[in-house]
Amino acid sequence: MTSTPSLAGKTAVVTGASSGIGRSIALHLGRAGAHVTLGGRTRSAMEETAREIEKAGGAARVVVHDVRDVASVRALVDGAVAETGRLDILVNNAGVSYPSKIADADPEHWRVMLETNVLGLLAGAQAAIRAMRACKAHGHIVNISSIAALRRDSGVYGATKHAVNAISATLRTELEDDTIRVVNVMPGAIATNFARNFDPAFLAGFAKMTGVDVEIRQGERLPEEVLDKLQPMMKQLLGDPDDVARAVLFAVTQPIEVNVLDIEVRPAKQLNL
Ligand SMILES: NC(=O)c1ccc[n+]([C@@H]2O[C@H](COP(=O)([O-])OP(=O)(O)OC[C@H]3O[C@@H](n4cnc5c(N)ncnc54)[C@H](OP(=O)(O)O)[C@@H]3O)[C@@H](O)[C@H]2O)c1
């Protein structure tokens, strides 16, 4: 049996680390020995994850910021470099979805999706390239896209993920002669707070299945208890954030000559996102 190579001595930054997929990726990288900077909006959730990483013998740092603010993304990366002297892994994970027909949508929601899913990711990638080149890292930039990027009619959210796929492929070409690899990850439906902006009546139906008595408010994070109970009940349709985190850990522990381009991770049955 082989074990996962250690990330001891490596520095990682994960955006959107306060929930779901980002939280699980931060935990997996931290447990593998990386010094992890967690970026996100909910401090308490990130502090809980940082404590878990520290309990496993790792080191973590928590930064509350808004990924839509380019200067704050640069500061997130620069802070990790200031503390550890290097950057080896950036996971551009923060993302949001406001599902709506284009004719009915609030244009402000388009702005939030584009600024979070695309501009925040670009700012992260640019800051990471500069930091990785400065310390001559064997680095990985991991962009969390979606299976929505594999369909042409996946709405404005899907359009942001098509953009992520294009940016990942472009960065990969631009960085061919650097020791920086770009990994594009396309998750399918995963049980997280991603659904926070979905129709509350739809979410209430899922919450009811778990037996947890909770009032669903659109835009708010779901109770952990609901997500923890729902995923095992619906595992044919809903993946676990850890499924994605293991794929990321695999990609970032490959030798730098190995180019892991795209990873699609989804449960057995596919929900359209
Ligand atoms: N779950 C799925 O089915 C699925 C499928 C395909 C792709 N994805 C992608 O996976 C990524 C992670 O999503 P998830 O499923 O883990 O959803 P999630 O549980 O809602 O997590 C999203 C994360 O992004 C953070 N975030 C959102 N806007 C931000 C902002 N302006 N500034 C800083 N942080 C911000 C959130 O912070 P707070 O919670 O603190 O607000 C949270 O940590 C996203 O890119 C999403 O598009 C998800």
Side-chain angles (χ1 to χ4, degrees), residues 13-27 37-49 62-73 75-76 91-99 109 111-121 123-124 142-151 154-165 167-168 184-198 203 206 218-224 226-228 230-231 234 237-245 247-248 263-267 269-273:
V13 172
V14 182
T15 69
S18 49
S19 176
I21 293 171
R23 175 180 184 276
S24 182
I25 292 171
L27 258 178
T37 291
L38 298 98
R41 294 182 295 195
T42 311
R43 179 179 291 283
S44 56
M46 290 191 286
E47 284 178 345
E48 196 187 313
T49 306
V62 166
V63 178
V64 174
H65 83 129
D66 187 336
V67 84
R68 292 176 296 163
D69 171 8
V70 169
S72 91
V73 177
L76 183 75
V91 183
N92 274 317
N93 163 78
V96 286
S97 169
Y98 288 91
H109 291 164
R111 186 193 306 281
V112 174
M113 285 191 280
L114 286 161
E115 289 185 355
T116 309
N117 303 1
V118 182
L119 299 182
L121 176 139
V142 180
N143 291 331
I144 305 298
S145 177
S146 167
I147 55 162
L150 300 172
R151 281 178 34 232
S154 48
V156 178
Y157 169 74
T160 69
K161 295 302 187 178
H162 278 274
V164 171
N165 280 16
I167 291 163
S168 293
N184 191 63
V185 181
M186 292 172 283
I190 308 290
T192 69
N193 280 301
F194 178 72
R196 65 179 92 183
N197 298 318
F198 289 20
L203 295 181
F206 282 111
Q218 199 160 23
E220 288 187 12
R221 291 159 59 107
L222 300 163
E224 286 294 314
V226 171
L227 295 172
D228 288 350
L230 189 62
Q231 196 277 328
M234 298 193 61
L237 274 174
L238 273 183
D240 186 302
D242 290 348
D243 303 339
V244 183
V248 170
I263 304 179
E264 188 182 344
V265 193
R266 62 171 180 81
K269 293 188 183 175
Q270 179 151 324
L271 282 176
N272 280 341
L273 296 172

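Along the sequence shown, residues are numbered consecutively beginning with 1. All ligand and atom numbering here is 1-based and tracks the order in the structure.
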Verify, without hydrogens or angle tests, whether [X] (side chain) and [Y] (backbone) share a donor-acceptor contact under 3.5 angstrom.
{"X": "His162", "Y": "Arg151", "answer": "yes"}
{"X": "Gln218", "Y": "Asn197", "answer": "yes"}
{"X": "Lys161", "Y": "Met186", "answer": "no"}
{"X": "Ser72", "Y": "Asp66", "answer": "yes"}

Passes side chain to side chain contact (heavy atoms under 4.5 Å, CB included), Arg221 versus Ser19? Steps please. CA-CA 9 Å; Arg221 291 159 59 107; Ser19 176; 3.5 Å; yes

Just checking Phe194 against Tyr157, ring centres under 6.0 Å apart? yes

At a 4.0 Å threshold, what atoms of ligand 1 neighbour a non-hydrogen atom of [X]?
{"X": "Arg68", "answer": "31 (N)"}
{"X": "Asp66", "answer": "30 (C), 31 (N), 32 (N)"}
{"X": "Ile144", "answer": "9 (C), 10 (O), 11 (C), 45 (O)"}
{"X": "His65", "answer": "32 (N), 33 (C)"}
{"X": "Gly20", "answer": "16 (O), 19 (O)"}
{"X": "Thr116", "answer": "28 (N)"}

Nearest protein heavy atom to [atom], by residue and atom, and its distance?
{"atom": "atom 32 (N) of ligand 1", "answer": "Val67 N, 2.9 Å"}
{"atom": "atom 45 (O) of ligand 1", "answer": "Asn93 O, 2.8 Å"}
{"atom": "atom 15 (O) of ligand 1", "answer": "Thr192 OG1, 2.6 Å"}
{"atom": "atom 43 (O) of ligand 1", "answer": "Ser18 OG, 2.7 Å"}
{"atom": "atom 39 (O) of ligand 1", "answer": "Arg221 NH1, 2.6 Å"}
{"atom": "atom 47 (O) of ligand 1", "answer": "Tyr157 OH, 2.6 Å"}
{"atom": "atom 19 (O) of ligand 1", "answer": "Ser19 OG, 2.5 Å"}
{"atom": "atom 6 (C) of ligand 1", "answer": "Pro187 O, 3.2 Å"}

Is any N or O atom of [X], backbone or side chain, closer than 3.5 Å to an N or O atom of ligand 1?
{"X": "Ile21", "result": "yes"}
{"X": "Ser146", "result": "no"}
{"X": "Ile190", "result": "yes"}
{"X": "Gly40", "result": "no"}
{"X": "Arg196", "result": "yes"}
{"X": "Val96", "result": "no"}
{"X": "Phe194", "result": "yes"}

Against Val91, only a single residue in Val185, Asn143, Val14 fulfils side-chain contact (heavy atoms from CB on, under 4.5 Å); can you say which? Val14

Could you check if a side-chain atom of [X] sits within less than 4.5 angstrom of a side-chain atom of [Y], using non-hydrogen atoms only?
{"X": "Thr116", "Y": "Leu121", "answer": "no"}
{"X": "Thr160", "Y": "Leu114", "answer": "yes"}
{"X": "Val73", "Y": "Thr15", "answer": "no"}

Is Ser145 touching ligand 1 with its side chain, its backbone, both, or neither, if touching means heavy atoms under 4.0 Å apart? backbone

At a non-hydrogen distance cut-off of under 4.0 Å, which region of Glu115 contacts ligand 1 (side chain, backbone, both, or neither)? neither

Nearest non-hydrogen atom to [atom] belongs to which of [options]?
{"atom": "atom 41 (O) of ligand 1", "options": "Glu264, Arg23, Arg41", "answer": "Arg41"}
{"atom": "atom 4 (C) of ligand 1", "options": "Ala195, Ala189, Gly188", "answer": "Gly188"}
{"atom": "atom 22 (C) of ligand 1", "options": "Ala94, Ser72, Gly95, Ala26", "answer": "Gly95"}

Atom CG of Asn93 and atom CD1 of Ile21: how far apart are they, to the nearest 0.5 Å? 6.0 Å

Nearest-0.5 Å distance that lies between atom CG in Asn117 and atom CD1 in Ile167: 10.0 Å

Donor + acceptor pair across side chains of Asp242, Ser24 (<3.5 Å): yes

Check whether the side chains of Ser145 and Asn165 place a donor and an acceptor atom closer than 3.5 Å, and report yes or no. yes

On a heavy-atom basis, which atom in Pro241 and which in Gly20 lie closest, and how many Å separate them? CB-O, 3.6 Å

